[in-house]
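A note on names: the letters A, B, ... follow the listed sequences, proteins ahead of strands, and every chain is numbered from 1. Remember, predicted model here, so these are calculated numbers, not experimental data.
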Protein chains: 2
Amino acid sequence: MTGWPPLLPARHSGHMDSSGRQATEGLRTAAGPRTAAGSQAAGPRSTAGAGPRSGPVRLADVAEAAGVSRALASRVLNGDPAARAAAETKARIVETAARLGYVPNVAAKSLRGNRTGLIGLVVHDLSSPIYLELMRGAREEAARHSYFLVLGDVDELLADEDAYRILISGRRVDGIIMQGGHGELDRRVGDIARALPTVVVNAPTDVEHEGATQVYPDEVAATRLLTEHLIGLGHRRIGLVSGPRQSMTNRLREEGIVTALAAADLELREEDRVHGEWSADGGRAGVDQLVDRWGGGADRPSALIAGNSLVGIGMLGALARHDLVVPRDLSVAAVHDTWINEHLAPSLTAVSLPLHEVGTVAVRTLLAGSHGGRHILSDPPPVLHGRGSTGAVG
Amino acid sequence: MTGWPPLLPARHSGHMDSSGRQATEGLRTAAGPRTAAGSQAAGPRSTAGAGPRSGPVRLADVAEAAGVSRALASRVLNGDPAARAAAETKARIVETAARLGYVPNVAAKSLRGNRTGLIGLVVHDLSSPIYLELMRGAREEAARHSYFLVLGDVDELLADEDAYRILISGRRVDGIIMQGGHGELDRRVGDIARALPTVVVNAPTDVEHEGATQVYPDEVAATRLLTEHLIGLGHRRIGLVSGPRQSMTNRLREEGIVTALAAADLELREEDRVHGEWSADGGRAGVDQLVDRWGGGADRPSALIAGNSLVGIGMLGALARHDLVVPRDLSVAAVHDTWINEHLAPSLTAVSLPLHEVGTVAVRTLLAGSHGGRHILSDPPPVLHGRGSTGAVG
DNA sequence: TACAACTGATAAATCGATTGTTCACTGGCA
DNA sequence: TGCCAGTGAACAATCGATTTATCAGTTGTA
């Protein structure tokens with residue numbers, strides 16, 4: 001009625017914990033002591049005297065109710081082929097478990113089985129709709145295998161030695177999926193991968209981390225498609241506002257653009273590209289910088305590619321503020337198709353990457369045992385969504 | 001080198017699992033059998049003959065190395081005041097643990113302590129930037145208490161009896177934070193709260209779920225502020241595009257609007273409100289509907305309030321498509337301030353709600369033992385961010 | 001008639017940490 | 001000397017499930 005009894009347990013005064021946190025603080029689940037019976041050592045089963053048990057149903061309860069041993073109950077309920085039991089017995093066990101509402105205790109399973117059923121998902125950009133799609137894919141695939149996702153944060157993990165140790169070394173999770181593209185983290189991937197199966201997603205790095213598998217979409221194909229679309233519309237000079245120049249993601253995306261342009265005997269001019277952050281602010285800053293370069297003159301690209309969706313949103317806003325009308329004065333096309341794109345004014349042309357699949361495959365790879373190396377997803381291929389922000393040149 | 005040995009274990013042919021999933025599939029961590037020594041029953045400690053142990057460092061290892069019992073090591077490392085040990089001994093234990101790189105096994109701790117260190121976060125709208133902020137707040141607060149968040153999905157949980165049972169009854173998490181506003185789930189909150197400490201966030205429901213605490217921001221104050229802003233700009237007729245009419249969230253938001261309007265002797269006309277989904281699509285549909293009602297005439301509100309940020313984005317897009325210029329023809333203001341708002345063209349005026357704090361408080365409430373009832377967050381208060389989408393009437 | 005093989009099932013060890021209880025000492029005091 | 005209280009620390013039960021041996025019967029077979 002009044003809710004849950006478990007309050008924060010009385011705090012110990014001295015903490016040996018290296019951090020200043022309240023490690024002991026927390027919840028207690030409902031169970032409580034099973035029977036007040038304290039010591040009754042090895043006496044012959046004292047089935048008498050004990051109440052009907054209050055806590056959750058244990059395997060032992062099922063076994064007892066079904067009149068078999070815990071061992072057999074365990075095997076039958078887990079579908080262990082080594083469980084040689086009469087069909088009738090099997091049925092009885094299963095039925096009893098269902099009747100009693102038996103649910104295995106996860107902690108006990110983990111302890112014994114050395115497997116937690118959890119996958120750590122370590123991100124550093126929880127606000128990006130781009131990353132969310134990946135996260136959803138991962139979650140769904142994990143669920144399919146009865147796994148759950150545990151959320152971690154890169155910066156926190158790096159800042160907090162303890163959290164880091166607990167997550168990585170405390171065997172709290174069976175494996176880790178990390179969002180790459182975070183310099184500091186990228187440098188520690190090796191350590192992590194040595195402790196746990198590790199998959200790095202969606203932001204390839206140059207270093208081939210020992211043991212960590214990389215999973216990412218076909219970036220080159222995506223920007224190639226985008227560029228071909230623009231060329232098809234008659235654009236001959238195309239600019240780019242992207243993320244950090246040296247990041248591998250950017251380099252791959254540039255590669256796609258350059259390739260497509262080259263095929264049409266065009267090139268990506270040095271003066272037409274700007275590099276900054278992978279964010280809306282970055283997009284705005286990029287546009288400001290370009291407009292500044294152009295100085296009001298007409299000597300400018302007729303189309304701009306946004307390094308990602310966020311950058312694209314920032315660009316549209318900034319262009320409007322500079323009184324440049326899209327697509328009349330300038331076409332804009334972005335990498336990543338999110339739900340926002342079609343609601344912008346003008347709606348934003350974009351190429352979609354299979355981020356959902358990246359998440360899916362990351363989990364699958366992890367569960368199958370990661371082997372290091374890179375895994376480029378080319379299926380499904382990038383798809384172009386032509387919208388209002390791109391128009392024919394002229 | 002080749003990566004992680006643990007592949008998917010050979011699959012059992014027959015599954016007793018009620019679902020069709022591969023419950024046994026998964027990862028195995030590195031440990032492996034500790035020593036090949038099989039049976040050596042109760043013989044006097046055979047410390048000899050065993051290698052130096054390959055797996056992770058256990059408490060027993062620390063104890064042995066420090067020359068004390070496991071019990072004492074445990075107490076000292078946990079800062080248990082009941083640990084009466086010479087200062088020197090304590091120091092030796094702590095030092096040894098550090099030197100060996102001891103990290104407690106989470107599963108063992110959970111099993112013994114009946115506490116997992118995990119909080120389930122069950123959402124049904126992982127793509128909304130609104131909800132993300134809440135999620136970040138929750139994650140941060142959880143981390144502060146050495147808790148981690150486990151991600152769940154409402155629909156999945158409802159659809160998959162097994163997942164539901166594992167998460168709720170399997171003692172996989174110590175408590176649950178649920179995103180309210182999902183009819184089907186709202187109806188089952190009572191069951192869940194009976195099994196686990198439960199907090200429902202950000203979408204109040206009428207039913208006072210027994211045992212579940214509700215935490216949400218001061219919706220009324222938010223829309224009141226928004227409305228006052230518009231009235232201050234000279235608007236006398238204000239419309240609303242919102243979510244489901246009967247949802248409590250909507251009713252509270254309408255209440256704020258009506259209150260503010262009444263204070264200025266104005267009212268919210270029936271014909272000026274539209275109800276639909278809490279999404280950008282909903283916003284678009286709402287505008288389409290209103291425009292249809294107006295039929296091109298000038299008999300319409302001079303300002304519209306968007307029930308939330310997503311709706312606002314959809315509205316701006318739709319208005320542009322109808323050739324209505326914001327804010328010249330119509331002002332628009334939304335509930336929720338997200339990063340997108342300032343990048344839209346025009347930038348979107350909005351009132352910010354303390355979603356981050358909702359997440360924070362939800363976790364804190366859960367850890368402190370939830371007591372049922374409602375918890376309305378009025379600190380920090382809603383803040384108005386005036387931007388380009390609202391202008392003086394005229 | 002033995003011996004092996006198979007059936008149906010159980011006992012007990014194990015996973016790693018926590019914690020109630022007990023034990024061996026050492027001084028202090030009568 | 002004898003007893004009590006306080007220190008410093010160890011024993012052993014426990015949490016709940018998995019799994020390796022092992023066992024008692026029964027059948028088949030050489």
Practice prompt. Please state how far atom CG in B/Asp80 lies from atom C1' in C/dT19, giving the value in whole angstrom units.
Written response: 8 Å
Worksheet item: Between C/dT18, D/dC15, D/dT18, which one does the side chain of B/Leu111 approach most closely?
Response: D/dC15
Practice prompt. Classify the nucleic acid contact of B/Gly67 as base, sugar-phosphate or nothing, counting any heavy atom under 4.0 Å across all strands shown.
Written response: sugar-phosphate
Worksheet item: Atom CZ of A/Arg58 to atom P of D/dT18: distance rounded to whole Å?
Response: 14 Å
Practice prompt. Whole angstrom is fine here: how far is it from CG in A/Leu59 over to C1' in D/dT14?
Written response: 17 Å
Worksheet item: Expressed in angstrom and rounded to an integer, what is the separation of B/Arg75 atom CZ from D/dA9 atom P?
Response: 12 Å
Fill in: Lys/Arg-Asp/Glu bridge criterion (N-O < 4.0 Å) met for A/Arg92, A/Glu95
no
Discussion item. If you only use heavy atoms from C-beta on, which nucleotide in C/dG20, D/dT19, C/dA17 is closest to the side chain of B/Ala71?
Written reply: C/dG20
Fill in: Nearest-angstrom distance from the residue atom CZ of B/Arg70 to C1' of C/dG20
15 Å
Fill in: side-chain contact (heavy atoms from CB on, under 4.5 Å) assessment of A/Arg144 paired with A/Val363
CA-CA 10 Å; A/Arg144 248 170 249 130; A/Val363 168; over 6 Å; no
Practice prompt. Report yes if at least one side-chain N or O of B/Ser69 is closer than 4.0 Å to OP1 or OP2 of D/dA9; otherwise report no.
Written response: no
Item to complete: For A/Asn105 and D/dT18, give me the distance from atom CG to atom P, rounded to whole Å.
Response: 10 Å
Fill in: A/Arg70 with A/Glu64: basic N within carboxylate O range, under 4.0 Å
no
Worksheet item: Within the side chain of B/Asp153, is there an N or O that forms a donor-acceptor pair under 3.5 Å with the backbone of B/Asp155?
Response: yes
Worksheet item: Counting side-chain heavy atoms from C-beta on, which of D/dA13, C/dA13, C/dA9 comes nearest to A/Leu72?
Response: C/dA9
Worksheet item: What nucleic acid atoms does A/Ala86 come within less than 4.0 Å of, heavy atoms only: base, sugar-phosphate, or nothing?
Response: sugar-phosphate
Fill in: B/Thr89 vs D/dA9: side-chain N/O to OP1/OP2 distance below 4.0 Å
yes
Worksheet item: Given atom CD of A/Glu64 and atom P of C/dA11, what is their separation to the nearest angstrom?
Response: 13 Å
Worksheet item: B/Lys109 NZ to C/dC15 C1': how many Å, rounded?
Response: 16 Å
Worksheet item: Under 4.0 Å: is that the gap between some side-chain N or O of A/Asn78 and OP1 or OP2 of D/dT18?
Response: yes
Worksheet entry | Flag, side chain of A/Asp61 to backbone of A/Val57, donor-acceptor distance under 3.5 Å | no
